Amino acid sequence: MSEHKYWKGRNILRVDQFTKADLDWLFAVTREMLFIVDNKLPNTLLQGYCMTTLFYEPSTRTSSSFCSAMERLGGSHHQINGVKYSSVAKGESVHDTVRTLAELFDVIVMRHPEQGIIPNVAEASRVPLISGGDGIGEHPTQALLDVYTILRELERPLNPDLHVVMIGDLKYGRTIHSLSRLLAMYEVPLGFYAPDSLDLPEALSAELAAQTKIAHYASIEDAIKEADVFYVTRIQRERFVNPADYDQLKGSYQVTSELMKHAKPKMALMHPLPRVDEIERTVDTDSRAAYFRQIRYGLAVRMALLALVLGKREPYVSLA
Ligand code: ASP
């Protein structure tokens, strides 16, 4: 009898846990999920399964898209957003909270301001634990949906011919940290542009340079010219200890309709959102602006992830 083993029960904690084969399968399932969404097909794949979202930091897209994903596959969900109403406010450790929730739910999606804490508490959970972002560390599911968006928007494979440029808060932006690592696995050349003091952390820069070509741009015009993908991020205000430092940097870069004239005719302008003022609203109607389509792809990727970790779509068959 064949036993499917690979994705079932898996935690989603960091992007370095994925292989190219993992992504191939994830995106094959994602296509199926997008079909369900686009055609409003009633689905019962996850009927009987219950998910909780444990968020110690604000979220709109990540928590809502996981909830929508669960509902569209016939499952149910429960949200813990304000930890002040949970036992965390009584002094319970994150470890005990996760262990408790794992007794009550079939899958946990968690966000926390402390870098590294989600991977560290994963052993407390006997059900799949999915990171929805750990401080300035990583945001693995965002990176997966970003990669899927690139594939769909450009209809080109990930390889050294593609040029992805990331701008904004490269220091604190966890989506940058995850996406750059995933793209480096495919040897996609990466370009960066950041205001002073918000450059990529040195260790990450060295890690990426060992796998692919890296360029740093001195101006936003130079940065956008060569981009097949222009990935914009906001300055992560909540990570600044001194608000005056944020005030000095805010508004220091912006994608405008004027700037878009320097961009290639076929390219994707992406943003993990929320945006503050990094992309002018007038740009939204540009056909290259992909950031709202990115959300819909994200829903399908998260549906696929839930189906996979709950053992409903296994690619690998053990011969044992
Ligand atoms: N929503 C993304 C995150 O949670 C991006 C951001 O907040 O700027 O990291």
Side-chain angles (χ1 to χ4, degrees), residues 12-15 53-69 79-83 108-119 129-150 164-183 192-195 197-201 204 229-240 243 245-246 249-255 268-280 283 289-299 301-302 305:
I12 311 288
L13 304 172
R14 285 185 284 256
V15 292
T53 54
L54 173 64
F55 276 50
Y56 293 80
E57 267 193 348
S59 167
T60 304
R61 271 149 296 273
T62 305
S63 64
S64 315
S65 73
F66 270 109
C67 292
S68 179
Q79 286 176 272
I80 306 173
N81 286 328
V83 290
I108 303 171
V109 183
M110 178 178 173
R111 171 172 288 184
H112 197 282
E114 198 181 313
Q115 180 174 9
I117 195 165
I118 303 176
L129 180 68
I130 301 178
S131 169
D134 62 327
I136 62 167
E138 284 220 28
H139 195 343
T141 68
Q142 176 73 44
L144 293 168
L145 78 87
D146 290 339
V147 169
Y148 187 69
T149 302
I150 294 172
V164 177
V165 178
M166 302 185 190
I167 79 154
D169 190 342
L170 311 178
K171 181 179 180 185
Y172 298 125
R174 56 190 171 204
T175 66
I176 298 274
H177 303 163
S178 290
L179 179 60
S180 60
R181 287 185 169 110
L182 266 191
L183 293 172
F192 297 103
Y193 170 74
S197 78
L198 293 182
D199 258 327
L200 217 51
L204 176 57
V229 174
F230 203 59
Y231 189 94
V232 185
T233 57
R234 73 181 167 97
I235 299 179
Q236 308 280 299
R237 179 184 201 151
E238 65 277 29
R239 310 294 176 207
F240 285 74
D245 292 342
Y246 171 78
L249 292 167
K250 75 171 183 216
S252 52
Y253 56 93
Q254 193 182 39
V255 177
L269 178 65
M270 294 171 58
H271 192 310
L273 302 176
R275 101 176 117 183
V276 182
D277 55 7
E278 317 74 51
I279 303 181
E280 209 178 49
V283 177
Y291 30 94
F292 290 109
R293 293 192 288 276
Q294 209 174 327
I295 299 170
R296 187 172 130 270
Y297 294 134
L299 169 63
V301 167
R302 287 175 173 137
L305 282 171

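Owing to the predicted nature of the structure, the values given are computational and were not obtained by experimental measurement. Remember, it's 1-based here, ligands and their atoms both numbered in the order they're listed. Values below: all heavy atoms of this structure, side chains included; hydrogens, waters and symmetry mates excluded.
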- Query: atom 7 (O) of ligand 1: which protein heavy atom is closest, and how many Å away?
  - Reply: R234 NH2, 2.9 Å
- Message: Check for me whether T233 has a heavy atom closer than 4.0 Å to any atom of ligand 1.
- Response: no
- Under 6.0 Å from the CZ atom of R293, do we count more than 12 heavy atoms belonging to anything else shown? yes
- Hey, does P274 sit under 4.0 Å from ligand 1 if you only count heavy atoms? yes
- Counting from 1, what ligand 1 atoms have a heavy atom of R111 closer than 4.0 Å? 4 (O)
- Item | Nearest protein heavy atom with distance in Å, relative to atom 4 (O) of ligand 1 | R174 NH2, 2.8 Å
- Message: Donor-acceptor pair, distance only, cut-off 3.5 Å: does the side chain of S180 make one with the backbone of I176?
- Response: yes
- Query: Looking at H139, which atoms of ligand 1 are within less than 4.0 Å of one of its heavy atoms?
  - Reply: 3 (C), 4 (O), 9 (O)
- Query: Does L273 reach ligand 1, in the sense of a heavy atom lying below 4.0 Å from it?
  - Reply: yes
- Donor-acceptor under 3.5 Å (R234 side chain, D277 main chain): no
- Give the numbers and elements of all ligand 1 atoms closer than 4.0 Å to a heavy atom of Q236. 6 (C), 8 (O)
- Any salt bridge between R239 and E114, counting N to O under 4.0 Å? no
- Item | Donor-acceptor contact present, side-chain S65 to main-chain G298, <3.5 Å | no
- Are E278 and H271 close enough that a side-chain donor and a side-chain acceptor fall under 3.5 Å? yes
